[in-house]
Amino acid sequence: MEGEKRLREQLMPALECKYDEFRLLGYTQVTIDGLWECLCARKWKNALAEKKLYELVSDILSLSPGEYMAFLTMRSYEQQRATGGDDLENVLKELL
């Protein structure tokens with residue numbers, strides 16, 4: 001965990017750059033924590049320790065708004081299901 005924290009600090013300039021880019025594009029709900037979670041879950045999964053620093057920076061800078069929004073949507077849906085909120089699922093079933 002300590003190594004991940006230090007790595008995140010090293011990657012902070014790239015994360016801030018991506019954060020600023022998304023904000024300029026109008027994605028006001030973006031957070032640096034959200035970007036980090038998205039990258040860990042989508043691009044790095046279990047390979048964070050195996051990647052070189054330049055590969056991690058490249059992954060950050062290549063993250064698209066669509067990838068980030070898809071991550072947020074899925075995370076929101078998973079949280080809703082975990083809390084027992086199946087309203088969305090019921091609405092979808094009714095529509096079909």
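Going from atom CD of E9 over to atom CE of M12 covers 7.5 Å, rounded to the nearest 0.5 Å. Between the CG atom of L25 and the OG atom of S64 there is a distance of 10.5 Å, given to the nearest 0.5 Å. Atom SG in C40 sits 5.5 Å away from atom CG in L48 (nearest 0.5 Å). In this structure, the separation between CD on E16 and OH on Y19 is 9.5 Å, given to the nearest 0.5 Å.
Scanning all heavy atoms of the two residues, the minimum distance from L72 to Q29 falls at CD1-CG, 4.2 Å. Taking every heavy atom of both residues into account, A14 and L61 meet most closely at O-CD2, 4.2 Å.
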Would R42 and M74 count as a side chain to side chain contact (heavy atoms under 4.5 Å, CB included) here? Give the steps. CA-CA 11 Å; R42 291 281 173 110; M74 289 305 298; 3.9 Å; yes
Verdict with reasoning, L15 to I60, per side chain to side chain contact (heavy atoms under 4.5 Å, CB included): CA-CA 7 Å; L15 288 166; I60 293 169; 4.0 Å; yes
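Using a 4.0 Å cut-off between charged nitrogen and carboxylate oxygen, E21 and K18 count as a salt-bridge pair.
Among residue pairs with one or both ends in residues 60-70, those qualifying as salt bridge (Lys or Arg N to Asp or Glu O under 4.0 Å) are K43-E67; sequence neighbours excluded. Listed by first then second residue, pairs satisfying salt bridge (Lys or Arg N to Asp or Glu O under 4.0 Å) with a partner in residues 26-40 read R8-D33, E37-R75, not counting sequence neighbours.
Residue L11 forms a side-chain contact (heavy atoms from CB on, under 4.5 Å) with just one option from L56, L39, D59, and that option is L56.
Between Y68 and F22, the distance separating the two ring centers is shorter than 6.0 angstrom.
Q79 contributes no side-chain N or O that, together with a main-chain N or O of S76, makes up a donor-acceptor pair within less than 3.5 Å. With hydrogens and angles disregarded, a donor-acceptor distance shorter than 3.5 Å links the side chain of T73 to the backbone of M69.
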